[in-house]
Amino acid sequence: MIPVNAIIKEVIKETPTISTLKFDIKPDAIPGQFVMVWIRGVDEIPMALSHPNGITVQNVGDASETLSNMEPGDSIGLRGPFGNGFELSGQRIMIIAGGVGAAPLLPLAHQLRLKGTKISILLGAKTSKELLFEEQFSRSGEINVATDDGSKGYHGVITGLMDTYDLNSFDMFYVCGPEMMMRAVLDMLHTNSLESISQFSLHRYFKCGIGVCGSCTIDPSGLRVCKDGPVFCGNILLNSELGKYHRDVTGKKIMF
Amino acid sequence: MIPVNAIIKEVIKETPTISTLKFDIKPDAIPGQFVMVWIRGVDEIPMALSHPNGITVQNVGDASETLSNMEPGDSIGLRGPFGNGFELSGQRIMIIAGGVGAAPLLPLAHQLRLKGTKISILLGAKTSKELLFEEQFSRSGEINVATDDGSKGYHGVITGLMDTYDLNSFDMFYVCGPEMMMRAVLDMLHTNSLESISQFSLHRYFKCGIGVCGSCTIDPSGLRVCKDGPVFCGNILLNSELGKYHRDVTGKKIMF
Amino acid sequence: MTYPELSIELTGLEMNNPTILAAGILGTTGASLKRIASAGAGAVVTKSIGAIPEQGHPNPSLVALECGLLNAMGLPNPSYKEFNDELMTAKEGDIPVIVSIFGSCCEEFCEIIEGLEGADAFELNLSCPHSQQYGAAVGTDPVLVEKITRAAKTTASVPIWVKLTPNVTDIVTIGEAASRGGADAVVAINTIRGMAIDIYSGYPILGNLYGGLSGAAIRPVAVKCIHDLYRALDIPVIGVGGVSRWQDAVEMMMAGASAVQIGSAIYDNFTVFSEINEAFLTYLISRDLIIDDIIGLAHRRVEQ
Amino acid sequence: MTYPELSIELTGLEMNNPTILAAGILGTTGASLKRIASAGAGAVVTKSIGAIPEQGHPNPSLVALECGLLNAMGLPNPSYKEFNDELMTAKEGDIPVIVSIFGSCCEEFCEIIEGLEGADAFELNLSCPHSQQYGAAVGTDPVLVEKITRAAKTTASVPIWVKLTPNVTDIVTIGEAASRGGADAVVAINTIRGMAIDIYSGYPILGNLYGGLSGAAIRPVAVKCIHDLYRALDIPVIGVGGVSRWQDAVEMMMAGASAVQIGSAIYDNFTVFSEINEAFLTYLISRDLIIDDIIGLAHRRVEQ
Ligand SMILES: Cc1cc2nc3c(=O)[nH]c(=O)nc-3n(C[C@H](O)[C@H](O)[C@H](O)COP(=O)(O)OP(=O)(O)OC[C@H]3O[C@@H](n4cnc5c(N)ncnc54)[C@H](O)[C@@H]3O)c2cc1C
Ligand SMILES: Cc1cc2nc3c(=O)[nH]c(=O)nc-3n(C[C@H](O)[C@H](O)[C@H](O)COP(=O)(O)OP(=O)(O)OC[C@H]3O[C@@H](n4cnc5c(N)ncnc54)[C@H](O)[C@@H]3O)c2cc1C
Ligand SMILES: Cc1cc2nc3c(=O)[nH]c(=O)nc-3n(C[C@H](O)[C@H](O)[C@H](O)COP(=O)(O)O)c2cc1C
Ligand SMILES: Cc1cc2nc3c(=O)[nH]c(=O)nc-3n(C[C@H](O)[C@H](O)[C@H](O)COP(=O)(O)O)c2cc1C
Ligand code: FES
Ligand code: FES
């Protein structure tokens with residue numbers, strides 16, 4: 001599959017560093033799947049679908065900056081949707097989102113809500129202005145926020161917020177956020193023997209995005225984040241490289 | 001499509017020069033379609049399917065001789081079925097078969113019979129021993145034979161036999177046989193203004209068999225015998241090269 | 001139908017549209033070429049014609065694979081003497097008829113050119129991958145390519161196109177040789193050497209044992225060759241190899257093709273010429289583009 | 001699973017079966033290579049490793065076309081120094097691990113060989129079509145190929161395989177050079193130069209503008225190369241290019257391959273190794289054949 005053309009219809013500034021781009025096509029995706037976004041002449045990068053017809057981009061470098069600065073009428077190339085996506089299950093579930101990690105979790109919350117699932121959302125960010133999709137999430141369930149600087153909600157990391165819940169009353173945990181936050185959440189779930197009812201959406205360096213090149217594989221399973229993931233069950237990740245190291249574009253291990 | 005392997009199950013000597021080979025596979029064909037028969041190490045030649053799982057070969061040269069001498073257990077490669085095949089229509093139809101031209105007409109007679117069509121068969125050959133499928137045809141309708149040497153039935157060419165029928169009482173004519181016989185039949189039908197309710201199965205030199213190379217095209221329409229044919233309506237053939245010339249393997253015109 | 005938006009001038013030939021029948025596909029007879037003209041081609045190239053009659057290779061001479069066609073026709077042709085009649089008939093189609101010719105030396109090419117007066121242009125087949133002494137046998141040697149092109153150009157009063165083989169380390173070297181020899185255009189690409197084996201018996205499937213791969217399988221290879229030739233040469237590049245949809249034609253033009261030839265796609269779709277032209281017209285009109293905007297666009301994008 | 005019928009010895013390496021993971025596909029980490037071992041491969045080849053870390057080309061670096069994959073990874077690798085760890089992990093898979101290596105001169109190849117002691121064999125990548133100074137840049141020159149092969153052979157205590165590019169006028173010349181240099185086997189083929197252009201924008205799709213075509217599209221080309229190399233050389237030919245079904249593996253072996261590598265097919269089917277091996281086993285048993293009966297069979301058929 002070669003990239004399909006998508007024309008930007010709308011750009012929504014979500015936070016000082018994060019924007020949502022809506023385009024003229026709706027890839028037929030399930031929550032948690034991603035697209036490879038080709039910014040012509042610049043780069044191609046993976047992005048979760050945060051909306052049926054949209055992505056939500058944090059400006060962290062070259063490609064994401066060019067994307068963030070796009071205007072309606074500009075166009076990009078899209079390959080996908082790729083990856084496994086979340087498995088929708090559970091009656092009483094918890095969504096744990098950190099930073100731009102909220103992106104793949106928003107369509108998940110919408111779909112679970114439609115199924116009548118009871119949802120608790122824990123939303124974290126560095127500071128209150130960077131909280132992503134707070135309003136949208138709150139329409140799908142009960143929401144609780146945490147900020148590193150205490151500018152809103154719980155002051156501290158998201159695992160602190162988790163402590164205020166009876167985790168055993170949930171039957172599925174959906175998690176996406178910065179690597180160290182995901183590791184902390186996983187460890188906490190593990191302490192409660194809950195890792196096997198959790199799903200984590202991972203980030204690794206993608207080149208092909210379709211399971212061929214091997215740049216995104218994780219240790220020790222050798223699973224491909226782009227094809228076997230990006231969503232993995234917590235028990236697969238427990239003894240994995242998650243939170244220890246990842247590999248850079250050359251394949252070299254980089255410690256967190 | 002590359003050749004599929006077919007194992008010869010049975011060899012039936014039909015006449016001194018003609019044999020039927022039955023194989024272990026049944027190409028999904030309609031009457032009048034052909035297969036490209038690959039005699040490995042020798043040649044690949046077109047052959048009508050005379051049976052759901054068989055062809056009927058006249059020994060006229062290298063490849064057909066090797067084929068004729070095959071025994072059960074031997075194998076060939078088959079590509080196909082190819083070509084348009086006969087259009088099955090008519091309530092009261094005439095089948096006109098000359099020599100090995102009876103091959104594509106036999107499954108046609110069977111199928112029309114099943115539809116309850118009233119069938120007259122005119123079967124011609126050089127001599128009585130070379131009459132092909134006489135018994136099989138007689139099960140599908142009324143049959144009348146002609147031999148060049150008068151050794152059986154009508155003494156003379158098949159158009160002589162046609163003269164003994166009220167051609168206007170038929171609503172479709174199906175014809176296959178030597179080129180000059182088909183031309184004579186076409187002319188006779190034309191005299192009676194019946195060429196537009198006739199179907200002729202043609203022979204031309206085939207290389208690709210799938211409508212790409214152009215070696216089998218006929219004048220002046222440029223139609224491909226292998227793909228647009230081998231069956232053509234009489235009115236398309238009326239002002240064609242039929243009976244005048246054909247082209248050899250180099251593409252050179254050869255007069256009949 | 002003629003649309004001004006699709007009309008082009010190519011090496012002096014006026015064409016209704018930029019799609020051309022490729023050599024060796026349905027190009028045996030004049031009637032067949034006329035039929036392709038009616039089907040909407042902007043021009044037709046005949047089967048490759050030589051100095052003496054050739055039977056070609058034994059059958060099987062063409063098979064369809066999952067991806068593309070594999071053929072070893074072996075240049076069957078009745079010689080130029082017999083072909084004059086067909087050429088006259090083909091010209092009734094009222095579109096340019098380019099005669100593809102092959103030979104083993106300059107003299108042979110010139111003899112054929114002189115013997116086929118009606119041709120609107122000649123395409124020198126220096127690229128057939130499965131013929132012993134013709135085609136790619138000469139087409140891989142830049143010195144020969146230049147020499148033959150020059151001889152043909154001197155003899156002919158009509159444009160000379162030179163068809164290139166991709167079965168070389170560097171196609172640009174060969175294209176440059178053709179250009180130096182005075183070619184009016186290069187045509188890229190001929191088929192890629194390939195082979196298929198029957199796993200039931202172990203026999204190579206083609207009568208000639210191996211042949212040339214064409215169709216969708218080779219399009220990316222053709223696009224790359226066209227791209228490189230466009231950058232290096234000042235004469236038009238005519239694209240061929242795996243075009244079956246309008247998108248493919250646009251892609252080739254963006255790589256640098258002034259027009260595209262279509263061969264194998266006929267296998268699935270006889271109406272491929274008119275379909276491509278209609279969709280291409282819609283593409284141009286809806287984007288307010290003219291053909292020249294897209295020819296070589298990929299090069300301009302990268303320079304930006 | 002180990003079946004005696006499928007076991008082979010290849011350049012001194014014992015393999016459970018004749019299917020090998022091709023270089024550059026899922027060969028970045030030791031864990032990934034182990035996973036391929038569990039999936040049934042008889043041996044694995046790593047991603048090509050160089051002397052210094054390489055980022056590779058910008059994305060897009062791989063796209064799937066209708067027919068085959070087009071890639072320009074650009075040999076990203078962390079250098080042999082970082083790769084030793086991965087190699088140690090890969091070897092836990094208990095099948096031969098062949099390390100693919102690339103360099104621009106003899107010294108570089110030798111440095112890498114000396115730096116990777118655990119390799120069961122080395123595959124010299126003299127054939128990557130989209131890397132400026134490595135790969136095919138050296139692999140199209142028979143003199144360089146012979147020299148590098150000889151240097152590698154002298155340095156290494158394990159077998160040396162030489163991987164060839166099809167992007168040359170005559171692959172046999174290059175194969176012969178490798179053989180003269182002392183190669184234990186040749187591997188054919190690497191990808192074919194190709195390119196794809198985005199028709200919406202005119203931009204070449206790959207970050208590197210062009211790349212290499214692999215997958216089903218190139219199988220007939222690979223079969224032809226293998227066929228020609230088998231006839232010309234006395235060392236084993238390892239087949240690669242477009243194998244995705246057991247029939248493809250058999251076809252390549254009939255052309256002359258002693259074993260087959262599988263790359264792009266992983267895209268659709270992670271279980272391709274075990275599927276091919278199981279079906280291949282059934283094929284052999286049901287026809288009462290051993291592997292040696294089919295290797296090169298196409299040549300024996302034609303000689304008859
Ligand atoms: C499955 C998946 C889903 C993602 N979803 C989102 C999302 O919804 N919103 C969002 O803002 N970000 C998302 N990301 C992260 C996003 O891909 C990176 O932020 C982006 O690639 C940065 O590119 P850049 O050129 O702007 O930054 P650069 O300056 O090139 O790099 C900054 C960092 O971004 C990461 N990165 C760069 N290129 C890639 C690549 N090809 N693949 C993976 N990571 C890369 C690396 O960690 C790098 O260190 C996702 C990543 C993955 C793997
Ligand atoms: C659509 C079609 C259906 C046919 N069905 C039958 C059939 O059911 N039974 C039957 O006995 N014959 C059939 N034929 C004719 C048969 O193909 C030829 O008799 C056969 O090809 C002869 O090959 P050979 O090598 O034995 O003879 P050769 O000595 O090679 O040639 C003898 C003559 O056979 C013809 N011929 C040879 N090769 C070909 C070819 N590739 N394509 C077409 N004609 C060729 C030529 O007229 C040639 O002059 C059919 C032909 C066509 C086109
Ligand atoms: C059956 C067949 C016959 C061909 N004969 C010729 C020929 O006579 N001369 C020639 O220059 N090219 C010949 N070619 C090559 C085509 O003209 C064309 O270059 C090639 O097939 C790639 O285009 P395609 O993918 O559109 O078919 C032939 C190709 C096929 C499939
Ligand atoms: C994504 C990708 C990366 C590749 N990387 C390498 C490489 O690093 N070294 C190498 O020698 N070949 C490399 N190749 C070529 C393959 O090893 C193989 O020769 C080619 O893809 C043909 O086989 P296939 O059709 O089975 O994929 C790569 C191919 C692909 C698709
Ligand atoms: S990015 Fe290539 S395998 Fe995942
Ligand atoms: S035999 Fe090739 S077109 Fe009919």
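Because only heavy atoms are used, hydrogens play no part in the values below, and waters and symmetry mates are left out as well, while side chains stay in. Proteins get letters first, then strands, A, B, ... in listed order; numbering begins at 1 in each. Computed from a predicted structure; not experimentally measured.
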Worksheet entry | Top contributor to chain C contacts, counting heavy-atom pairs under 4.5 Å, from D:Ser201, D:Ala255, D:Pro204 |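 Top option by heavy-atom pairs under 4.5 Å: D:Ser201.
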Worksheet item: Out of D:Val250, D:Ile218, D:Ile197, which one racks up the most heavy-atom pairs below 4.5 Å with chain C?
Response: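 Option with the greatest count: D:Ile197.
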Worksheet item: Just checking heavy atoms, which of residues 219-232 of chain D are less than 4.5 Å from chain C?
Response: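 Contacts with chain C: D:Arg219, D:Pro220, D:Val221, D:Val223, D:Lys224, D:His227.
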Worksheet item: chain C contacts: which residues in residues 58-68 of chain D have a non-hydrogen atom closer than 4.5 Å to it?
Response: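 Residues D:Leu65, D:Glu66, D:Cys67 are the ones that qualify, each having a heavy atom under 4.5 Å from chain C.
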Discussion item. Could you tell me if the side chain of C:Thr19 sits less than 4.5 Å from the side chain of C:Leu6, heavy atoms only?
Written reply: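 No - every pair of side-chain heavy atoms lies 4.5 Å or more apart.
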Practice prompt. Could you tell me whether the side chain of C:Ile238 reaches within less than 4.5 Å of the side chain of C:Val186, counting heavy atoms only?
Written response: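 With C-beta onward as the side chain, the pair stays apart.
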Distance-only, no hydrogens or angles: does the [X] side chain make a donor-acceptor pair with backbone N or O of [Y] under 3.5 Å?
| X | Y | result |
| --- | --- | --- |
| C:Asn190 | C:Leu164 | no |
| C:Asp293 | C:Leu289 | no |
| D:Asp248 | D:Ser244 | yes |

Practice prompt. Using a cut-off of under 4.5 Å on heavy-atom pairs, state which of C:Leu70, C:Leu297, C:Leu209, C:Val168 scores highest against chain D.
Written response: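 If we count pairs closer than 4.5 Å to chain D, C:Val168 comes out on top.
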Worksheet item: With a cut-off of 6.0 Å (strictly less than), are more than 12 heavy atoms of other residues, nucleotides or ligands near CD of D:Glu5?
Response: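 Yes, the 6.0 Å shell around CD holds more than 12 heavy atoms from other groups.
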Discussion item. Which atoms of C:Ile294 are under 4.5 Å from chain D, going by heavy atoms: the side chain, the backbone, both sets, or neither?
Written reply: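 Neither part.
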Worksheet item: Which pairs, with at least one residue in residues 194-214 of chain C and sequence neighbours excluded, count as a salt bridge (charged side-chain N to carboxylate O under 4.0 Å, His left out)?
Response: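 Matches after skipping sequence neighbours: B:Arg40-C:Asp198.
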Worksheet entry | D:Thr169-C:Thr140 side chain donor-acceptor pair, cut-off 3.5 Å |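 No, no side-chain donor-acceptor contact under 3.5 Å.
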Fill in: Polar contact flag, side-chain donor to acceptor under 3.5 angstrom, D:Ser214-D:Ser264
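Yes, side-chain donor-acceptor contact under 3.5 Å.
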Worksheet entry | Contacts of type side chain to side chain donor-acceptor pair (under 3.5 Å), residue D:Thr149, not counting sequence neighbours |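 For D:Thr149, no residue satisfies side chain to side chain donor-acceptor pair (under 3.5 Å) once neighbours in sequence are set aside.
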Discussion item. Let me confirm one number: the OH-CG distance from D:Tyr3 to D:Leu284, rounded to the nearest 0.5 Å.
Written reply: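 The OH atom of D:Tyr3 sits 12.5 Å away from the CG atom of D:Leu284.
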